Amino acid sequence: DAGVIQSPRHEVTEMGQEVTLRCKPISGHNSLFWYRQTMMRGLELLIYFNNNVPIDDSGMPEDRFSAKMPNASFSTLKIQPSEPRDSAVYFCASRGQGANEQFFGPGTRLTVL
Amino acid sequence: EDQVTQSPEALRLQEGESSSLNCSYTVSGLRGLFWYRQDPGKGPEFLFTLYSAGEEKEKERLKATLTKKESFLHITAPKPEDSATYLCAVHPSSASKIIFGSGTRLSIRP
C-alpha cells in the first residue's frame, strides 16, 4: 500500500498567487481530511469529506480557501489569493469505513512570500 | 468545550531512562483517544487507539493507558530512535472530528 500521497511536497509562491495542493487517499478509504500545522496553532482540521461529500468545513479559515473531492481517489485544497499567513504544512489524511484511525500523508510545506 | 492538553511540552531523557507522557482531556463523551508519532518533516504516524478507561495497548517500548480523564504514553528503556513528537488526539462523542493536542517533543540522548 502506497499510503496517502500528497503533491507537491514543497511549494513557494508569492502573495496573491493561487496555490493548489493535491491528495490521493489510501485506496478503499472513504473519508478524507485536510489539516494545517503551524508552530503557533498546532494541527488544525480544515475540512473533511465522507464518500466525496464535504461534511464539516468549519475549520476553513476564510473564503480564500476551498476544497474539492471529485472522486474517491483525489482531492484538492486551493488557496486564492494566497497570503504570507497561509504559510504552514498542510496534511491530508484518510480513514477507512467503520474505522476510527486516520492515516496521514507526508504533507505539503507551503511558503508564501 | 472539548479540550486536549499534553504535558510536558518537551522531555529530554538519557537512553534507557523510562518515563511517561501525559494527555489530559475534557470531553462530553469519548469515542476514542489516539496516539501518533511525528518525525521532523513527516506526517503523523498512527500508534494506538484507546476506547475505554482501563484499556492498555503496547507496541515495542511504548505502552498507552487510559483513564476517564487522561491517557499516558509510557516509554520503557527508550532508544535514540524513539526521539520524535508524540501527539494525542481525542474524538468526542458529540463531534464529528478529532481534536489534537499540541504534542510532546521527546529527545533521547545516547
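These values consider heavy atoms only, across backbone and side chains, with no hydrogens, waters or symmetry-generated copies. Every chain is numbered from 1, with letters handed out A, B, ... down the list of sequences. Everything numeric here is computed off the predicted structure, so don't read it as measured data.
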Exercise. For A/D63, does the CG atom sit with more than 12 other heavy atoms under 6.0 Å from it, leaving out its own atoms?
Worked result: no
For this session: Might you confirm whether atom CZ of B/R12 has over 12 heavy atoms from other residues, nucleotides or ligands at distances under 6.0 Å?
Result: no
Seminar exercise, completed: Answer key: most heavy-atom pairs under 4.5 Å with chain B among A/G59, A/A93, A/P106, A/C92 is A/P106
For this session: Examine whether an atom of A/R9 lies under 4.5 Å from a heavy atom of chain B, and if so say whether it belongs to the side chain, the backbone or both; otherwise answer neither.
Result: side chain
For this session: Would you mind checking which part of A/D56 comes under 4.5 Å of any heavy atom in chain B, side chain (CB onward), backbone (N, CA, C, O), both or neither?
Result: side chain
Exercise. Who pairs with B/Y36 by ring-ring contact (aromatic ring centres under 6.0 Å, His included), at least two apart in sequence or on another chain?
Worked result: A/F104, B/F46, B/F100
Exercise. How about A/F91 and B/P44: do any of their side-chain heavy atoms sit closer than 4.5 Å?
Worked result: yes
Seminar exercise, completed: Nearest heavy-atom contact between A/Y35 and B/I98 is OH-CG1, 3.6 Å
Problem set entry | Heavy-atom pair with the smallest gap, counting every atom of A/E101 and B/Y51 | OE2-OH, 3.7 Å
Problem set entry | Heavy-atom proximity to chain B below 4.5 Å, by part of A/Q102 | both
Check: residues 102-110 of chain B side-chain donor-acceptor pairs under 3.5 Å, at least two apart:
{"from": "B/T104", "atom 1": "OG1", "to": "B/P8", "atom 2": "O", "distance (Å)": "2.6"}
{"from": "B/R109", "atom 1": "NE", "to": "B/Q14", "atom 2": "OE1", "distance (Å)": "3.3"}
{"from": "B/R109", "atom 1": "NH2", "to": "B/Q14", "atom 2": "OE1", "distance (Å)": "3.1"}

For this session: Using the side chain to side chain contact (heavy atoms under 4.5 Å, CB included) rule, pick out the option among A/I47, A/I55, A/L45 that qualifies with B/K97.
Result: A/L45
Exercise. Are there more than 12 heavy atoms of other residues, nucleotides or ligands under 6.0 Å from atom CD of A/E14?
Worked result: no
Exercise. Crowded around A/R64 CZ? As in, over 12 foreign heavy atoms under 6.0 Å?
Worked result: yes
For this session: Side chain from CB out, backbone as N, CA, C, O: work out which of these in B/Q38 comes under 4.5 Å of a heavy atom of chain A, or both, or neither.
Result: side chain
Exercise. If you count the non-hydrogen atoms of other residues, nucleotides and ligands that lie under 6.0 Å from CD in B/E9, is the total more than 12?
Worked result: no
